[in-house]
Amino acid sequence: FWLKAAFACLSPIISQRAFNHPRLGWCITMALLQLAARQRSSLLLQAGRRGVATTAVRLGGNQPFIHVPPAPPLEFEPDGSPKKYPLHQPIWDHGYDWEHWSLLPAGIFHTVYYGDFAQDYPPYWAWLQKFPLWVVTPFLVLWAVTTMVIFQNMGSIGIKPKRYSIEWMQASRERERQENTNPVTRYLDRRRTERGGTWIAQYSLPWHPYFLWMGNSHDNDYPEYYLPKPGHPHLHYTDTYLTTPYMVKDDE
């Protein structure tokens, strides 16, 4: 109000001065406009003055309601004391006081202003949710992968499946040799290696998750496929001559 009154009083002076000194009038007008804009922005940023329900849409707000319904009438016990309802939800007093507010859709034409409060969560969840989502997500993913890969497979430590013993793996190669398994794949892998240094993962990475403790796992039921140490589980791309079997002769 006082800003408008000052502007109204100064307008004749500004116009008269501007007639004789155009640049002076322009400078005064711009200064008053900047002052008005600065004071209006400071009012909008004050606590309690700008909220999602009290701010224009062009300033980032949205009105989820227009008319606030009245509070329900008070209820009393027969003796006249105010009636109290039990709250079947714990209220935690752990020192965290953050609030997360968001607008959620309710049906097609309505929204709900939903709030999460730190007092509604146990201490560990309240501590975790005080950080932004983009900070917590990588750690949660790392924790989940570690749990799935390590802790859920700890029961397999020391287990030596027979199908991954040295003799069984060698017998699998013999069967693939007789059936000429994957000839096109092995041909394409040879062509790739001819172009230069090419690392093919399936010929270098472990084939099963038990490789750490199966370096000396022999199956005595199949001595004809004996090898001193584990070989490749399948045909290698360098195996071009498949006329020689992988079985060990009896004199060996």
Apply side-chain hydrogen bond (donor to acceptor under 3.5 Å, both in side chains) to the pair Gln178 and Glu174, showing each step before the final yes or no. CA-CA 6 Å; Gln178 295 178 10; Glu174 174 62 18; 2.8 Å; yes

Given side chain to side chain contact (heavy atoms under 4.5 Å, CB included), test Asp116 with Glu99 step by step and report yes or no. CA-CA 6 Å; Asp116 267 335; Glu99 298 180 6; over 6 Å; no

List the steps, then state whether side-chain hydrogen bond (donor to acceptor under 3.5 Å, both in side chains) holds for Asn220 with His218. CA-CA 6 Å; Asn220 298 325; His218 292 278; over 6 Å; no

Check the pair Tyr114 / Trp101 against ring pair (Phe, Tyr, Trp, His ring centres under 6.0 Å), numbers first and verdict last. CA-CA 6 Å; Tyr114 184 81; Trp101 292 93; 8.3 Å; no

One pair to check against side chain to side chain contact (heavy atoms under 4.5 Å, CB included): His234 and Trp207. What are the steps and the verdict? CA-CA 10 Å; His234 301 285; Trp207 193 257; 2.9 Å; yes

Stepwise, does the side chain to side chain contact (heavy atoms under 4.5 Å, CB included) test hold for Leu128 with Val136? CA-CA 7 Å; Leu128 187 65; Val136 179; 3.5 Å; yes

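In this structure, Tyr210 and Ser156 approach most closely via the heavy-atom pair CE2-CB, 3.9 Å. Of all heavy-atom pairs between Thr181 and Leu235, the closest is O-CD1, 4.1 Å. Of all the heavy atoms in Met214 and Tyr164, the pair that sits closest is CE-O, 3.3 Å. Between Pro230 and Gly215, the closest heavy-atom pair is CD-O, 3.3 Å. Closest non-hydrogen pair, Tyr237 versus Arg186, comes out as CB-O, 3.8 Å. When every heavy atom of Ala126 is checked against every heavy atom of Tyr96, the shortest pair comes out as CB-CD1, 3.8 Å.
No continuous path of ILVMFWY side-chain contacts below 4.5 Å connects Leu133 to Val141, so the two sit in separate hydrophobic clusters. Note: the hydrophobic cluster containing Leu142 does not contain Val145 (ILVMFWY, side chain heavy atoms under 4.5 Å, direct or indirect links). A continuous path of ILVMFWY side-chain contacts below 4.5 Å connects Leu212 to Met169, so both sit in one hydrophobic cluster. One hydrophobic cluster, built from ILVMFWY side chains closer than 4.5 Å, holds both Leu140 and Tyr121. Cluster annotation: Tyr225 is connected to Trp168 through the hydrophobic network of ILVMFWY side chains, with a link wherever side-chain heavy atoms come within less than 4.5 Å.
With rounding to the nearest 0.5 angstrom, the NZ atom of Lys229 is 10.5 Å from the CD1 atom of Ile166. Here OH of Tyr222 is found 8.0 Å from CD of Glu224. Values are rounded to the nearest 0.5 Å. Residue His232 holds its NE2 atom at 9.0 Å from OG1 of Thr238, rounded to the nearest 0.5 Å.
Judged purely by atom type and a 3.5 angstrom limit, Ser165 uses its side chain to pair as donor or acceptor with the backbone of Lys162. In this structure, the side chain of Ser204 does not engage the main chain of Ala201 through any donor-acceptor pair within 3.5 Å. The closest donor-acceptor contact from the side chain of Ser81 to the backbone of Glu77 lies at 3.5 Å or more, if one exists at all. Trp213 places a side-chain N or O within donor-acceptor distance of the main-chain N or O of Ile159, the cut-off being under 3.5 Å.
Applying the 6.0 Å contact sphere to CG of Asp93 captures no more than 12 heavy atoms from other residues, nucleotides or ligands. Counted within 6.0 Å of CH2 on Trp143, heavy atoms from surrounding residues, nucleotides or ligands total 12 or fewer; the atom is thus considered open.
Ring planes of Tyr203 and His236: tilted class, angle from 30 to 60°.
Of the candidates Phe131, Trp125, Tyr124, Trp127 forms a ring-ring contact (aromatic ring centres under 6.0 Å, His included) with just one, namely Phe131.
Residues Arg173 and Glu176 are not paired through a salt bridge, judged by the lack of any N-O separation under 4.0 Å between the basic side chain and the carboxylate. Ion pair Asp239/Arg177 not flagged as a salt bridge, since none of the NZ, NE, NH1 or NH2 atoms sits closer than 4.0 Å to an Asp/Glu carboxylate oxygen.
At least one side-chain heavy atom of Gln202 sits less than 4.5 Å from a side-chain heavy atom of Asp189. Taking 4.5 Å as the limit, every side-chain heavy atom of Trp92 sits out of range of all side-chain heavy atoms of Asp120. Considering only heavy atoms from C-beta on, Glu167 stays 4.5 Å or farther from Leu227 through its side chain.
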